[in-house]
Structures are given as structure tokens and as C-alpha cells.
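Heads up: numbering here begins at 1 and tracks the sequence. For ligands, and for the atoms within them, numbers begin at 1 and follow the listed sequence.
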Amino acid sequence: MKITKDLYQSNLVLLTDFYQLTMAYAYWKAGKGEQEAVFNLFFRKHPFQGGFSLAAGLDYVIDYCKNFRFSGTDLDYLAQMKNQDGSPVFEVGFLDYLKNLKFSCDIDAVEEGTVVFPNAPLIRVRGPLIQCQLLETPLLNIINFQTLIATKAARINVAANGAPVLEFGLRRAQGIDGALAASRAAYIGGCTSTSNVMAGKLFGIPVSGTHAHSWIMSFDTELEAFEAYAEAFPEKCVFLVDTYDTIQGIKNAIKVGEILREKGKEMVGIRIDSGDLAYFSIQARQMLDEAGFPEAKIVASNDLDEQIITSLKTQEAAIDVWGVGTKLVTAYDQPALGAVYKLSAIKDEKGKWVPKVKVSQQSLKINIPGLHNVKRYYSKDKAVADMIYLEEEEINPRGVVIIDPIDPTRRKRLMPAFYSEEVLLKPIFKEGKLIYSIPSLEKIRERAAQQLESLDKTHKRLVNPHLYPVGLEENLHHLRMELVLKSQNFENEKNEQE
Ligand SMILES: Nc1ncnc2c1ncn2[C@@H]1O[C@H](COP(=O)(O)OP(=O)(O)OP(=O)(O)O)[C@@H](O)[C@H]1O
Ligand SMILES: O=P(O)(O)OC[C@H]1O[C@H](OP(=O)(O)OP(=O)(O)O)[C@H](O)[C@@H]1O
Ligand SMILES: O=C(O)c1cccnc1
Ligand SMILES: [Mg+2]
């Protein structure tokens, strides 16, 4: 098998759930395949019990949509699928339809690196029902993971409070693609570099690293190992000091630092990877300072996350650089974001949009109907509130009320005229044509930093954050309520007849 080669050469159109294809077939049979629909991708709750999320993955979505076509081998694979009675799952006519299918949707999306909140769409897909449906699974796959990891990275960077965070996750990441996507998302979320060389090559992320215990263990003594490393890398020596005895390791690093200095070079620092990181970093700082190495950096690693980093900061640990792997790239404490993709409107035969809601016992799960968008209001550079609104409705600049989508008694009155505003869903594809100029990863990372800066620190608090206001504009709230009530009346009527 040539798994990786085939995977990366495939157009990935079959990277969807089988039921999307069976629905597509049934839509086609029912003559509904080309009926225009609108779907929204959104999540219902921030991950990690946090107060914000950071959108990531759009670049992959764009790539996916650009390559959205069924190749000969894809169609051959579908053609040989059989029902239990031996008949083909898909008729030839449908396979011909797929063969001629050209991506023709409108996609509007929140840019990568934007701070996002529950219930507001991250992506809106408008187009033929079959295409919208087939996109559900891959879009969720891409956005759920990258948004989750970018958010985790942002939290870790909030805890690091400006100190560099090196991403070391590859060895523990969720497979090959999980590792690559995680490195990309971690960089968007503020990490300084990755240890994954392929992510460096593919995405242009700075690559960095130190050395492992095996390097030390391959020599008779730690001192020899440090000397040999300094010989090979006089410009970038970070000595791992905890293979045998951490205090002795720091002494050895200082010795080799002095040898380097005689040659006109400076050691970059040391890394501590076990034991009490507060105790050893404070000891190391004192020893390095006393020996005349106040500039030497102390890197810490070992199962770190935002909580441990916060705790180490409160213990006044003398750590300058954080190396974070497993808990970042696996989103250790919450392995999935849980974003969903829901139909919100469909055009009837007369060409009129019909807004749709899926009614649920849990009000949290009732989706937002219609063709809606999101506006963020800023006061100076600070984000004040997000409003989800129907695109065709006028917004009164003299005053709007936004209503919490879960608890309608929670409301906020806003005077749009007092604020600057940003429409968050930006046009990406128009009738299948890419109309968005894709920013570089650096620009995305800068946007993420600005967006996080625009958020009040109370929303960035890692534990029990202050809730950022996101609400439905009044007309949209009323439409939603009307549809919910209507569907319940309908249910009652039906029950009475039975
Ligand atoms: N001062 C500290 N305060 C809070 N957490 C700490 C502190 N020092 C280290 N930790 C964390 O405690 C955990 C220690 O894990 P563990 O006991 O498995 O490591 P270790 O035995 O020191 O190292 P290793 O197993 O790699 O040799 C790690 O998650 C580490 O980041
Ligand atoms: O702890 P993480 O956040 O995942 O960061 C990466 C870890 O990977 C390396 O060691 P590895 O875990 O392979 O071995 P060790 O724990 O025995 O040092 C490194 O020394 C870090 O400890
Ligand atoms: O470069 C490092 O120090 C490194 C790389 C991967 C995992 N742990 C540490
Ligand atoms: Mg480890």
C-alpha cells in the first residue's frame, strides 16, 4: 500500500460519510439535487470551558472545494458498491451526474484567526442541495480539529503571557495529517515554532528544537555530550540538563558555556524536562546569573498545558520558554470541538426562500433559521458584542436589541452608530469561483493576535471566564420563535388527529 502517497494525491471528494452519498442519490432520484439550500457550520459551546475560540482551517476548506470533483477511480469505486440483493447502490445516471458535477456553491466564512463564539456561523454554504450535503462531513472534519487546536494554542499562549511557546507535539499527535494540521493551527494560535520539519516545509512555520536524553546517554559523560553538541552547534546550544542530576547538569552546561565564550560564542540556554520545574528553574536561574550567564534562557517541557504553566507562573518559576507537545496537539482535555452543520433555509419551486428550524427539546439545539450573517461591534479596538442577523433586514443604526439564543430573557441594547462594525462572514466562493484572496499563514497569525487583543481579558480568563455577548437581532429572534411555535402547533394538530 502506498497510503501516504495515495492520500495526498487524491482529491479527497470521497472523504465524506457514506450517508452523504446515499442522501445525494436520493435527492437526485427525488429531483431535488439542484434545489438551492443554505447550511451553516457553528459550534454550541467553547472547548476547554473557555470564553473564546479561535477559527482555523479555512485554507484547507478552500483547497477541498477547489478540488471538489469525482475522478474516474472515485466513480469506479462507487459503481462497484452493491446492495444486499446484489444490485448496484448507485444507478449509472447518478454516477454520470457526479461525473459532470462542478462545484458551484457560494461560501461565506469567518477568516482564520478570528475569535469566534457559540451559535454564530463560521461558514455558510449556499448552493445545490447535493453539493451542500456532500460538504458537511469534510468541512466539519477540517474546522472542528483546527479550530480546537488553534484555541488550545491560544489558551496556552495566554498562560505563557508573551513568552515563546515551542510546539513539540508530532510524536504524540493524531496521526500524520493530525500532526500537520495541529502544527499549523498551533502556529495560528500563537506558538513560535514547531518541531515538525514537514510542517516547516509545507507551511513555512519556523522550525526549532533542542536535543534529547539519547544524545547525552550515547556518551560516557554528560560533559562530553555537551562539549560535542557545542562543537556541532556553537550558535544554538540549548543543553538538556536533567538526564542524570539536574543541578550537576546545570553546572556542566555552565562549564561548556564558558568554553563557548572563550571561542566568542554564547550558549542559548538550558532545557529542564523533569522534576519540579519551579524549583529547578529557580535554582538554574540563580546559578546561571551567578556564573555570568544572565542572558541564558531556561526552557521547560514535560506534559505542560495552560493550567500547569499558570501554576508555574504563580510559583515564580524562572522559565523563559515553554516546550509543549502532547496536551496541545491532542487537545488532551477535550478531544473534539463538536461543531455542527445545519440546514437553515431552502428555496421552494417559486424561488422563495423558506427558513427552516430543527426543533429540539433542548433550546440549545434549536438552530438559527434563514440566510443570516454576523456583525461584530467594536468600541475603539475592543470587541463589544456579536449580532446574528438576517441579511435582507435593515439594521436600525439608532438602536438594536440582541437576544440570547438560549435564554431570551437575556438581552442587550446597542446603538450601532456608536461603534465600528465588522461583518464576520466574508465572501469566499461565488458560484463556485474563488473570490477571496487567501492570506499568508503569517497574516493569519497576526490577525489571531489582533483578535485576541481586541477581546477583554475577562473573556480570556482560563477558568470561569466572563460571557461575551452574542445575540440574535430582534427580527431573527422573532422569526425563530415563530417557526418553533408553528412547528409545535403542527405537532399538536397531528397528535389530535391520531
Ligand atoms: N512546580 C510544579 N508545579 C506544578 N506542576 C509541575 C511542577 N513541576 C512539574 N510539574 C508538572 O508535573 C508533572 C510531572 O510529571 P511526572 O511526575 O510524570 O514527571 P517527572 O517524573 O518529573 O518526569 P519524567 O517522568 O519525564 O522523568 C508534569 O506535568 C509537569 O509539567
Ligand atoms: O511532554 P510533551 O508536552 O509531550 O513535550 C514533548 C516531550 O517529548 C520529549 O520527551 P518524551 O515525552 O518523548 O520522553 P520523556 O518524557 O521520557 O522525556 C520531550 O522531552 C518532552 O518531554
Ligand atoms: O527539540 C526538542 O527539544 C523536542 C522536540 C520534540 C519533542 N520534545 C522535545
Ligand atoms: Mg514525556
Which of the atoms of ligand 2 are close to R271, meaning less than 4.0 Å from one of its heavy atoms? 19 (C), 20 (O)

Electrostatic pair E258-K255, nearest N-O below 4.0 angstrom: no

Could you go step by step and tell me if Q20 and L135 meet the side-chain contact (heavy atoms from CB on, under 4.5 Å) rule? CA-CA 8 Å; Q20 311 291 12; L135 287 174; over 6 Å; no

Within-cut-off N or O pair, F168 and ligand 2, under 3.5 Å: no

Table please: side-chain donor-acceptor pairs of residues 148-164 below 3.5 Å, with sequence neighbours left out.
from : atom 1 : to   : atom 2 : distance (Å)
T151 : OG1    : L54  : N      : 3.0
T151 : OG1    : T147 : O      : 2.5
K152 : NZ     : E306 : OE1    : 2.8
K152 : NZ     : E306 : OE2    : 3.0
K152 : NZ     : D333 : OD1    : 2.8
K152 : NZ     : D333 : OD2    : 3.4
R155 : NE     : E306 : OE2    : 2.8
R155 : NH2    : F48  : O      : 3.4
R155 : NH2    : E306 : OE2    : 3.4
R155 : NH2    : L462 : O      : 3.3
N157 : ND2    : A153 : O      : 2.9
N157 : ND2    : G189 : O      : 3.4

Nearest non-hydrogen contact with atom 1 (O) of ligand 2 belongs to which option: D242, D303, V324? D303

Please work out which of T330, D273, D305, N302 has its closest non-hydrogen atom nearest to atom 22 (O) of ligand 2. D273

Does the ring of Y436 carry K426 above it, NZ/CZ under 6.0 angstrom from centre and within 45° of its axis? no

Whether R172 lies under 4.0 Å from ligand 2, heavy atom: yes

So, R261 and E266, do they make that salt bridge, N to O below 4.0 Å? yes

Over 60° means perpendicular and under 30° means parallel, so tell me whether F429 and F103 are parallel, tilted or perpendicular. perpendicular

Tell me the residues surrounding ligand 1, counting only those with a heavy atom closer than 4.0 angstrom, sorted by chain and number. D273, S274, G275, D276, L277, A278, N302, D303, L304, I308, S311, L312, Q315

Using 4.0 Å as the upper bound for N to carboxylate O, is an ion pair formed by D303 and R172? no

Output yes when K443 and E112 qualify as a salt bridge under the 4.0 Å nitrogen-oxygen rule, no when they do not. no

Could you label the plane-to-plane angle of the Y64 and F68 rings as parallel, tilted or perpendicular, counting under 30° as parallel and over 60° as perpendicular? tilted

For R171, is at least one N or O under 3.5 Å away from an N or O on ligand 2? yes

Hey, can you tell me if Y229 and H211 have their rings parallel, tilted or perpendicular (30° and 60° cut-offs)? tilted

T326 heavy atoms, cut-off 4.0 Å: which ligand 2 atoms fall inside? 2 (P), 3 (O), 4 (O)

Quick one: closest heavy-atom pair of V207 and G200, and the distance? CG2-CA, 3.6 Å

Kindly indicate whether atom 17 (O) of ligand 2 is approached by any protein heavy atom to under 4.0 angstrom. no

Going by the atom numbers of ligand 2, which of them fall below 4.0 Å from some non-hydrogen atom of H213? 18 (O)

The protein heavy atom nearest to atom 5 (O) of ligand 2 is G325 N, 3.6 Å

